[in-house]
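Everything quoted here is computed from the prediction, not taken from an experiment. For ligands, and for the atoms within them, numbers begin at 1 and follow the listed sequence. As a basis for the values below, the full set of heavy atoms in this structure was taken, side chains included, without hydrogen atoms, waters or symmetry mates. By convention here, the first residue in the shown sequence is residue 1.
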Amino acid sequence: MALLRSYVSGSWHTAADEGVPLHDAATGEEVARISSKGVDFAGALEYGRRVGGPALRELTFHQRAALLKALASHLREHREELYALSARTGATLGDSKFDIDGGIGVLFSYASKGKRELPNDTVYVEGNVEPLSRGGTFVAQHIATPLRGVAVQINAFNFPVWGPLEKFAPAFLAGVPSLVKPASSTAYLTARLVELIVESGILPEGSLQFVAGSVGDLLDHVTAQDLVSFTGSASTAQKLRAHPAIIRNAVRFNAEADSLNCSILGPDAVPGTTEFDLFVKQLTTEMTVKAGQKCTAIRRAFVPAALLDDVAAAASARLAKVTVGNPAAEGVRMGALASLEQREEVRRSLKALLDAGSVVFGDPEQVDVVDADAERGAFISPVLLKADPERTEPHEVEAFGPVSTLMPYTSTEQVVDFAARGGGSLAGSVVSADKEFVRDVVLGAAPFHGRLLVLDAEDAKESTGHGSPMPQLVHGGPGRAGGGEEMGGVRGVLHHLQRTAVQGSPAVLSAVTGRWVTGAPRAEGDVHPFRKSLAELRIGDSVTAGPRTVSQSDVDHFAEFTGDTFYAHTDPEAAAANPLFGGIVAHGYLVVSFAAGLFVSPEPGPVLANYGLENLRFLTPVKVGDSLTVTLTAKQITPRIDQEYGEVRWDADVTNAEGESVAKYDVLTLVSKEQP
Ligand code: NAP
């Protein structure tokens with residue numbers, strides 16, 4: 001590998017100079033060189049907006065989701081190659097899997113969320129229609145559409161694969177092109193990842209661009225339609241947040257910065273309990289996975305004062321078994337830091353921490369290594385400290401390596417206060433089986449955290465652990481942690497969309513959203529809508545059926561048949577005393593069943609199945625003698641891209657003789673695309 005290339009404006013760009021060398025973290029050998037000299041950053045942004053954006057916006061959420069899935073499968077086939085390159089960043093195989101498999105996992109997860117939770121459409125409709133007038137002719141609906149710019153994604157060095165992919169997946173699904181800029185020191189791994197992606201030809205051109213090296217004047221050219229997502233140190237975050245173009249154009253800026261994450265041991269978790277062992281194991285694992293270069297790693301371990309020595313001894317015993325060395329060598333549990341500069345940075349931070357405490361385990365300056373040169377490679381020992389929690393350093397200094405500080409506490413209020421002194425964290429753990437303690441700590445610490453893991457004997461086996469951000473869950477934290485949020489399932493997609501409140505008549509909203517809205521025109525033709533294939537059906541197609549009068553024997557029969565003999569259906573005296581009913585009422589499910597009997601078109605046809613109801617509300621009690629009419633209207637039509645059928649959501653409105661709605665709900669059916 002020589003000079004890393006950037007992929008911008010549809011082609012590979014080789015820098016105009018020799019670049020600066022990037023070194024193997026374990027051997028110190030040169031791996032590649034990096035420079036972005038000569039990249040036309042304004043042109044790259046323009047290319048994304050002009051080529052990538054329109055190509056993505058032509059696709060529905062489901063089509064984009066399918067491409068993410070194809071991409072994930074493609075990358076999975078190239079994992080071995082990526083693992084090998086990842087070892088050069090100092091990562092053990094386990095660390096590499098965390099980064100590479102984790103990143104591919106995020107693609108799969110967004111592919112499946114896109115298919116299940118987003119419409120097969122280009123517009124996202126959020127929430128319910130808001131009635132704004134008495135007559136029902138003026139209503140509103142929030143919609144969300146993709147921003148027309150580029151998502152600029154600046155990543156930290158510690159996750160060269162996961163970092164770019166966890167930002168790219170939600171942007172892509174949203175329909176916004178990405179421009180990926182990895183941290184320089186490990187960019188050779190991201191560069192290979194991007195080569196694999198580009199070579200696959202799976203993504204629409206312009207949807208992914210890549211810059212190897214510094215971003216030059218890129219940020220001067222961001223507009224109000226672009227986004228900037230940053231992961232890295234708090235100081236760089238602060239600088240970028242204050243960039244004049246970002247401020248001037250109110251650019252959406254998301255920061256994931258460093259944080260002093262904590263783990264709290266409950267007073268119940270004394271030596272000999274499962275929770276004590278879980279706490280110690282998790283602490284030492286978090287210190288050593290990726291040599292502690294995880295933004296979520298536990299930096300502060302709070303333990304009941306009386307248990308401090310026990311925890312120190314148990315953690316030291318575990319750390320003593322950690323073999324440090326060449327990540328490719330047999331038996332090595334912890335590799336190197338990403339660079340020699342990074343080791344200097346960690347040693348500097350350790351000095352500051354040692355002003356406030358003392359070493360429990362490890363030596364910041366010295367470590368025995370296997371199959372490597374301890375000085376040429378960026379190796380460092382795991383270092384466990386203990387400190388006075390009243391000092392500020394342990395709550396403020398992040399040593400971004402295998403470093404953690406033990407601190408004592410004496411009450412629940414105190415430990416909640418200590419946790420908050422981190423100034424905002426990405427993740428925290430509470431390890432305890434005492435639910436009352438857990439509740440107080442979770443509710444007390446929650447405003448200062450993006451994610452909290454409660455670990456106990458019950459969930460430990462299946463727990464994904466303190467350090468693993470999950471694509472389904474929000475990743476980010478307040479304050480020092482950057483104040484941002486990433487992933488969080490569909491939330492991460494919505495971040496790339498503009499939410500707009502559209503006001504108008506029901507007919508206009510139906511036209512805009514492609515969903516029938518109450519009050520919009522209905523079409524009741526000669527053909528029952530259940531006889532129409534998905535291709536023939538239109539929103540607003542409707543059938544009205546009934547009336548059917550509810551008799552006493554219907555109610556008695558339903559009670560006996562189903563076993564639902566609740567007094568309001570069976571005991572006239574007791575029902576009369578019920579303040580809501582004042583007499584016998586029909587079962588709600590009887591009403592729904594009758595409605596189905598009224599609107600059904602029973603012969604075989606394009607409707608394949610009823611797969612559920614949503615938003616069911618019983619609005620007016622139905623008495624014996626009431627007659628019911630149902631109106632069923634096609635509300636939303638969603639063809640499945642990989643099946644011969646799709647989903648139809650029907651609006652069902654059951655009314656009585658006075659025209660009052662007695663029940664309203666959505667009926668969900670599967671309908672063939674073509675006539676059988
Ligand atoms: P960093 O020095 O702040 O760099 C982060 C990224 O910003 C790199 O891509 C860097 O590029 C770029 N950058 C630096 N200065 C810039 C500027 N003036 N304009 C535009 N881009 C600029 O952080 P790092 O040392 O790579 O990462 C370690 C830190 O990241 C740790 O503190 C860790 O806690 C934090 N982190 C947080 C998360 C999270 O999700 N919250 C995840 C991982 C890491 P170059 O490398 O080319 O300079």
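- Heavy atoms of Phe159 come nearer than 4.0 angstrom to ligand 1 in no pair at all.
- For a threshold of 3.5 Å applied to N or O pairs, the pair formed by Lys181 and ligand 1 contains at least one separation below that value.
- The Ala183 neighbourhood of ligand 1 comprises atoms 8 (C), 9 (O), 26 (O), 46 (O), with distances under 4.0 Å to a heavy atom of that residue.
- The closest protein non-hydrogen atom to atom 13 (N) of ligand 1 is Thr236 CG2, 3.8 Å.
- Close contacts of ligand 1 with Ile154, meaning ligand atoms under 4.0 Å from a residue heavy atom, involve 6 (C), 7 (O), 9 (O), 12 (C).
- When Ser233, Gly482, Ser36 are checked for heavy-atom proximity to atom 23 (O) of ligand 1, Ser233 turns out nearest.
- Lys294 forms a cation-pi arrangement with Phe98, by the criterion of a distance under 6.0 Å to the ring centre and an angle within 45° of the ring axis.
- Ligand 1 has an N or O atom lying under 3.5 Å from an N or O atom of Ser184, backbone or side chain.
- Ion pair Asp17/Lys37 not flagged as a salt bridge, since none of the NZ, NE, NH1 or NH2 atoms sits closer than 4.0 Å to an Asp/Glu carboxylate oxygen.
- Applying the salt bridge (Lys or Arg N to Asp or Glu O under 4.0 Å) test between Arg421 and each of Glu393, Glu390, Glu396 identifies Glu390 as the sole match.
- With respect to Arg343 and Glu365, no salt bridge is recorded, no charged nitrogen being found less than 4.0 Å from a carboxylate O.
- Residues Arg300 and His395 bring a donor and an acceptor atom of their side chains to less than 3.5 Å of each other.
- Within 6.0 Å of CD on Gln472 lie more than 12 heavy atoms contributed by other residues, nucleotides or ligands.
- For Thr231 and Lys167, the side-chain atoms include at least one donor-acceptor pair closer than 3.5 Å.
- For ligand 1, the polar-atom distance check finds no N/O of Ser185 at less than 3.5 Å from any of the ligand's N/O atoms.
- Annotation: Gly232 places an N or O atom under 3.5 Å from an N or O atom of ligand 1; distance criterion only.
- Residue-level proximity to ligand 1 for Asp258 is carried by backbone and side chain together, each with a heavy atom below 4.0 angstrom.
- Residue contact check for ligand 1: Pro182 places a non-hydrogen atom closer than 4.0 Å to it.
- Under a 4.0 Å N-O distance rule, the pair Arg49/Asp226 qualifies as a salt bridge.
- Atom 20 (C) of ligand 1 has its closest protein heavy atom at Val215 CG2, 3.4 Å.
- Residue contact check: Phe230 has heavy atoms under 4.0 Å from atoms 3 (O), 5 (C), 6 (C), 7 (O) of ligand 1.
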Salt bridge (charged side-chain N to carboxylate O under 4.0 Å, His left out) for Glu29 and Arg88? Distances and angles first, verdict last.
CA-CA 9 Å; Glu29 284 166 28; Arg88 309 205 71 177; 3.3 Å; yes

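- Between Ser214 and ligand 1, not a single N/O pair is under 3.5 Å apart.
- Less than 4.0 angstrom separates some heavy atom of Glu398 from each of these atoms of ligand 1: 31 (C), 32 (O), 33 (C), 34 (O).
- At the top of the distance list for atom 19 (N) of ligand 1, counting protein heavy atoms only, stands Leu240 CD2, 3.4 Å.
- Residues Arg252 and Gln498 bring a donor and an acceptor atom of their side chains to less than 3.5 Å of each other.
- Between Phe400 and ligand 1, not a single N/O pair is under 3.5 Å apart.
- Cation-pi geometry between Lys290 and Phe159 is met: under 6.0 angstrom from the ring centre, within 45 degrees of the axis.
- Atom 40 (O) of ligand 1 has His475 NE2, 2.8 Å as its closest protein atom, hydrogens excluded (heavy atom only).
- In this structure, atom 28 (C) of ligand 1 lies nearest to the protein heavy atom Phe157 CE2, 3.6 Å.
- Distance from atom 9 (O) of ligand 1 to its nearest protein heavy atom, with residue and atom name: Asn155 O, 2.6 Å.
- Ranking protein heavy atoms by distance to atom 5 (C) of ligand 1, first place goes to Thr231 O, 3.5 Å.
- Looking from atom 38 (C) of ligand 1 to the surrounding protein, the closest heavy atom is Cys295 CB, 2.9 Å.
- Closer than 4.0 Å to atom 11 (O) of ligand 1 lies at least one heavy atom of the protein.
- The residue Ala187 has no part lying near ligand 1, judged by heavy-atom distances below 4.0 Å.
- With respect to the salt-bridge test (charged N to carboxylate O, under 4.0 angstrom), the residues Glu286 and Arg299 do not qualify.
- For Phe418 and Phe302, the distance between ring centers is under 6.0 angstrom.
- Remark: aromatic rings of Phe41 and Tyr47 are distant, center separation not under 6.0 Å.
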